[in-house]
Amino acid sequence: MPLPSQPLRKLGFLTIGLFDEADPRRGHESTLEVIELGERLGFDSAWLRHRHLQYGISSPVAVLAAASQRTRRIELGTAVTPLGWENPLRLAEDLSTVDILSGGRLNPGVSVGPPMHYDQVKQALYPDTAASEDFGYDRVERLLDFVRGKPATDFSGVEGFEVFSDRVQPHSPGLGRRTWYGGGSLRSARWAGEHGMNLLTSSVVKAEESEDFAEIQLSHIRTFRAHHPDGDAARVSQGLVVIPTDSATRDQRAKYEEYAAKRTPRTTTPQGPARMMFAPDLVGTSEEIAERLYAHAAFREIHEVAFALPFTFAHEDYVQILTDIATRLGPALGWQPAD
């Protein structure tokens, strides 16, 4: 097996937090337990996705607030918050509050674009302004300005018995440096670099100059760093789906292989009008997965990962997968668990 040029520095995981409509508390509790397990196993970070009007976590910031009180070290992130659903000023207040509660461990990841199924939800989401809402990069800039402490108003001072601030409170120094952009195109990679953000790359990219997933993702990483003030030191995290089977039961291995096989056809050619490319899920022993990662051109240029957990598995499956990632795959990639 080839050796990495540099060991993996940070190991994280991403989960969607599915739940049963009849018992949503159990699903949310499972997610919190998974985050607690991640900390015990030494993971550096745990990330949550947004799922609006679905049976997945709709308010990761609220769940991460709870997680911040049940953990002490692990970093907590969103991958990603679609800003089309959010008011940047209110989101900045929530993010800053949770960052303070966590002791500076929050890593907000965001993206732009209209909300999914916008025509069906716009009247509920923006009943008076649906036609005029801007879902572009300006929304991210507003959020960045607010979390970085720029004024939100020209009014401050004392009014009667109340004291007002011209910037978001609480202000959490450093949160702006821990804000990520989830990008899948050359344009978004460049924009994130120019605005001093960190870059989250996932298992989905836009086929622009190639139809080879690794080549596309590598071009995004290099474009991002070429336009970032920190250059090659700019932070990039890769989020592929990995499913190690070292300690899996026979039934678990069969389920994992069936899951990946059903998703494989979409990885062979660009999908839809946007020409989106999907990375294959990596299923196998930790040694086999490590070898495939070392052969991945984009993986060889990153130092952080947030491996995505499959969305439809049971709690015990996540325990097995996370345990194998932390105890077998991570060390095979040169990673060492946090104290």
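All values below were derived from every heavy atom in this structure, side-chain atoms included, with hydrogens, water molecules and symmetry-related copies excluded. In this chain, residues are counted from 1 in sequence order.
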Please check if atom [atom1] in [X] has more than 12 non-hydrogen atoms from other residues, nucleotides or ligands closer than 6.0 Å.
X: Glu141; atom1: CD; value: yes
X: Glu316; atom1: CD; value: yes
X: Tyr55; atom1: OH; value: no
X: Asp20; atom1: CG; value: yes
X: Glu162; atom1: CD; value: no
X: Arg253; atom1: CZ; value: yes

List the steps and the verdict of ring-ring contact (aromatic ring centres under 6.0 Å, His included) for Tyr181 and Phe224. CA-CA 11 Å; Tyr181 188 81; Phe224 166 73; 9.7 Å; no
In residues 272-280, what donor-acceptor pairs under 3.5 Å come from side-chain atoms, sequence neighbours left out?
residue, atom, partner, partner atom, Å
Arg275, NE, Ala207, O, 3.4
Arg275, NH2, Glu211, OE2, 3.1

Side chain [X], main chain [Y], donor-acceptor under 3.5 Å:
X: Thr249; Y: Gln252; result: yes
X: Gln320; Y: Pro244; result: yes
X: Thr71; Y: Arg73; result: no
X: Arg190; Y: Thr223; result: no
X: Asp166; Y: Pro151; result: no
X: Arg235; Y: Asn198; result: no
X: Thr201; Y: Ser237; result: yes
X: Asp44; Y: Leu11; result: yes
X: Arg70; Y: Glu36; result: no
X: Asn107; Y: Arg105; result: yes

I'd like to check [X] versus [Y] (side-chain heavy atoms, cut-off strictly below 4.5 Å). Are they in contact?
X: Thr245; Y: Asp324; value: no
X: Lys206; Y: Ile216; value: no
X: His315; Y: Val34; value: yes
X: Phe299; Y: Leu240; value: no
X: Arg178; Y: Asp99; value: yes
X: His220; Y: Glu208; value: yes
X: Phe13; Y: Tyr318; value: no
X: Thr97; Y: Val61; value: no

Give a yes or no on whether a salt bridge exists between Arg139 and Glu86, defined as a side-chain N under 4.0 angstrom from a carboxylate O.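 Here Arg139 does not pair with Glu86 in a salt bridge, since their nearest N and O are not under 4.0 Å apart.
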Does a salt bridge link Arg142 with Asp138, judged by any charged N lying under 4.0 Å from a carboxylate O?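 So Arg142 does not pair with Asp138 through a salt bridge.
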Are [Y] and [X] co-members of a hydrophobic cluster defined by side-chain heavy atoms under 4.5 Å apart?
X: Ile16; Y: Leu309; value: no
X: Leu200; Y: Val140; value: no
X: Ile57; Y: Phe307; value: yes
X: Val242; Y: Leu37; value: yes
X: Val112; Y: Val121; value: no

Report the relative orientation of the aromatic rings in [X] and [Y]; use parallel for angles under 30°, tilted for 30 to 60°, perpendicular for over 60°.
X: Phe19; Y: His28; result: tilted
X: Trp191; Y: Tyr137; result: parallel
X: Trp335; Y: Phe43; result: tilted
X: His50; Y: His52; result: tilted
X: Phe135; Y: Tyr118; result: perpendicular

Using distance alone, with no hydrogens and no angle criterion, decide if Ser185 and Ser188 have a side-chain donor and acceptor under 3.5 Å apart.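 Distance-only check passes for Ser185 and Ser188.
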Shortest non-hydrogen contact from [X] toward [Y]:
X: His228; Y: Ala234; answer: CG-CB, 3.5 Å
X: Thr153; Y: Ser165; answer: CG2-O, 3.9 Å
X: Leu125; Y: Gly84; answer: CD2-O, 3.8 Å
X: Gly182; Y: Val80; answer: CA-CG1, 3.9 Å
X: Ile321; Y: Pro310; answer: CD1-CD, 4.4 Å
X: Gln69; Y: Leu101; answer: NE2-O, 3.3 Å

Using side-chain contact (heavy atoms from CB on, under 4.5 Å), reason through His296 and Phe213 one step at a time and then give a plain yes or no. CA-CA 9 Å; His296 196 291; Phe213 182 92; 3.8 Å; yes
Find the distance between [atom1] ([X]) and [atom2] ([Y]) and round it off to the nearest 0.5 Å.
X: His227; Y: Arg225; atom1: NE2; atom2: CZ; result: 14.5 Å
X: Leu95; Y: Ser102; atom1: CG; atom2: OG; result: 10.5 Å
X: Ile302; Y: Leu218; atom1: CD1; atom2: CG; result: 11.5 Å
X: Arg148; Y: Asp145; atom1: CZ; atom2: CG; result: 7.5 Å
X: Asp94; Y: Ser59; atom1: CG; atom2: OG; result: 7.5 Å
X: Trp180; Y: Met197; atom1: CH2; atom2: CE; result: 10.0 Å

Worked verdict on Glu29 versus Arg26 for salt bridge (Lys or Arg N to Asp or Glu O under 4.0 Å): CA-CA 5 Å; Glu29 180 65 24; Arg26 178 59 238 159; 5.5 Å; no
Tell me, with the steps shown, if Leu48 and Leu14 meet side-chain contact (heavy atoms from CB on, under 4.5 Å). CA-CA 6 Å; Leu48 301 182; Leu14 165 67; 5.6 Å; no
From CA spacing to verdict: salt bridge (Lys or Arg N to Asp or Glu O under 4.0 Å), Glu258, Lys262: CA-CA 6 Å; Glu258 181 182 6; Lys262 288 181 179 179; 3.5 Å; yes
Give the intermediate values and the outcome of side-chain contact (heavy atoms from CB on, under 4.5 Å) for residues Glu133 and Lys122. CA-CA 10 Å; Glu133 289 291 333; Lys122 63 184 179 182; over 6 Å; no
Arg49 to Phe311 six-membered ring, cation-pi geometry met (6.0 Å, 45°):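 Checked: cation-pi criterion not met.
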